[in-house]
Amino acid sequence: MSVTSSRLRRAARHGGQVKGVGFDIRGFEEARRAPSVLLERMPWFQERAIQSLYRALPVEARRDIQAEYNIRAARVREHLAVRYLEGNGTRLGGVRLYGQWKRGIGMMQYPGTRQTRRGVSYSVHHGVRKVEEGAFIARLLAGHRLSENEHVAMRYGPRVEMKAGRYKGKKRQRIATVYRSTVAQMLARGRRPERIAEWATRYVAGEVERQVASYMGSSRRSKR
């Protein structure tokens with residue numbers, strides 16, 4: 001059995017950025033040495049293992065990301081997606097996990113972000129704290145909901161007359177929310193694709209062994 005990983009990119013006309021990591025599961029090598037009765041059942045064992053991996057892979061990826069990044073679990077889950085890959089005939093061919101290419105994570109989503117005299121202090125990676133000089137924590141309108149949420153923002157451009165909000169009719173500088181890495185970039189960082197692929201290999205192999213043992217045990221009991 002093999003699990004290969006590949007970095008998925010957007011089409012060149014859309015920027016070509018890395019949007020996540022794909023995992024493709026292929027044939028089981030142990031099937032060549034299996035008794036004929038197991039050889040017939042191997043596609044079924046494989047499909048069950050893929051279904052189990054479908055549920056477990058996003059959890060493992062989220063844990064691996066959180067081991068490096070100071071980010072809440074809910075935010076990682078929101079930006080991860082998992083899909084089945086088609087195989088031969090009606091069987092499943094594998095699982096693809098990828099980080100959805102949404103905008104970056106707002107700095108207020110990193111626990112411990114706070115205002116300082118120099119700007120905003122924040123920590124994206126565990127044990128590493130930085131200051132975004134000139135930034136400030138602002139309450140911005142949340143789109144069409146017309147509710148307010150806290151964001152880390154920066155002022156930019158010339159002063160213009162505000163069209164809405166508490167400063168309507170006054171001249172103010174525009175402000176823009178400050179973002180950091182996307183979950184897709186976190187997922188594709190460093191050796192994470194290879195590390196998760198190695199974990200997936202061990203996981204699927206263990207699932208197949210468990211199913212084979214369960215099948216052989218039930219077969220022996222039925223013959224008694």
Side-chain angles (χ1 to χ4, degrees), residues 1-11 14-26 49-85 92-114 119-132 135 137 140 142 149-154 176-207:
M1 185 274 298
S2 63
V3 179
T4 58
S5 67
S6 60
R7 297 189 178 187
L8 309 177
R9 294 183 177 274
R10 303 186 71 178
H14 295 307
Q17 303 99 327
V18 173
K19 67 175 182 179
V21 182
F23 300 93
D24 200 354
I25 301 173
R26 295 308 177 197
I50 290 174
Q51 291 172 343
S52 182
L53 181 64
Y54 179 92
R55 297 186 293 271
L57 189 58
V59 177
E60 177 62 21
R62 188 260 302 165
R63 289 172 177 169
D64 197 276
I65 288 173
Q66 284 191 288
E68 178 182 0
Y69 288 90
N70 175 38
I71 187 171
R72 296 179 177 88
R75 182 60 62 184
V76 179
R77 286 195 296 266
E78 179 184 347
H79 289 239
L80 283 178
V82 62
R83 299 288 185 271
Y84 284 119
L85 294 174
L92 298 177
V95 170
R96 173 163 293 167
L97 172 75
Y98 60 94
Q100 296 177 331
W101 195 261
K102 299 183 178 181
R103 64 186 180 187
I105 305 299
M107 286 169 59
M108 287 303 297
Q109 299 299 320
Y110 297 99
T113 298
R114 59 180 180 270
V120 173
S121 174
Y122 66 98
S123 176
V124 172
H125 297 85
H126 291 298
V128 179
R129 181 163 287 277
K130 298 181 179 180
V131 174
E132 184 75 10
I137 296 176
L140 305 178
N149 290 304
E150 285 190 332
H151 298 265
V152 175
M154 293 281 288
T177 301
V178 181
Y179 297 98
R180 287 297 177 262
S181 300
T182 66
V183 170
Q185 291 170 323
M186 296 177 185
L187 188 63
R189 177 181 168 86
R191 287 199 70 256
R192 183 162 292 114
E194 292 78 10
R195 190 163 58 245
I196 296 177
E198 291 166 1
W199 174 89
T201 301
R202 296 191 300 270
Y203 181 89
V204 173
E207 278 295 298

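In this text, all values refer to a predicted model and were calculated from it rather than measured experimentally.
A donor-acceptor contact shorter than 3.5 Å links the side chain of S123 to the backbone of V128. Here the side chain of H126 pairs a donor or acceptor atom with the backbone of Q66 at under 3.5 angstrom. Side-chain atoms of R129 come within 3.5 Å of backbone N or O of G112 as a donor-acceptor pair.
Expressed to the nearest 0.5 Å, how far CD1 of I71 lies from OH of Y110 amounts to 5.0 Å. A distance of 15.0 Å separates OH in Y84 from CZ in R96, rounded to the nearest 0.5 Å. Note: H125 NE2 to N70 CG = 10.0 Å, rounded to the nearest 0.5 Å. To the nearest 0.5 Å, the span separating CE on M108 from CZ on R114 amounts to 11.5 Å.
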Apply side-chain contact (heavy atoms from CB on, under 4.5 Å) to the pair Y203 and E60, showing each step before the final yes or no.
-> CA-CA 11 Å; Y203 181 89; E60 177 62 21; over 6 Å; no
Should E78 and R72 be marked as a salt bridge (charged side-chain N to carboxylate O under 4.0 Å, His left out) after you check the CA-CA gap, both sets of side-chain angles, and the distance that decides it?
-> CA-CA 10 Å; E78 179 184 347; R72 296 179 177 88; over 6 Å; no
Determine, stepwise, if the pair R191 / E198 fulfils side-chain contact (heavy atoms from CB on, under 4.5 Å).
-> CA-CA 11 Å; R191 287 199 70 256; E198 291 166 1; 3.1 Å; yes
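Between R192 and D64, some side-chain heavy-atom pair lies under the 4.5 Å cut-off. Between R75 and Y69, the closest side-chain pair of non-hydrogen atoms is not below 4.5 Å. At a threshold of 4.5 Å between non-hydrogen side-chain atoms, the residues E132 and R180 count as touching. For the pair L187/I196, a side-chain contact is recorded, criterion being any heavy-atom separation below 4.5 Å from C-beta on.
Closest non-hydrogen pair, L53 versus P58, comes out as O-CD, 4.3 Å. Taking both residues in full, the closest heavy atoms of G104 and Y179 are given as O-CD2, 3.1 Å, listed atom of the first, atom of the second, then distance. What you find for R62 and A73 is that their closest heavy atoms are CD-CB, 3.8 Å.
For S181, the side chain to side chain contact (heavy atoms under 4.5 Å, CB included) criterion is met by Q185, M186, not counting sequence neighbours.
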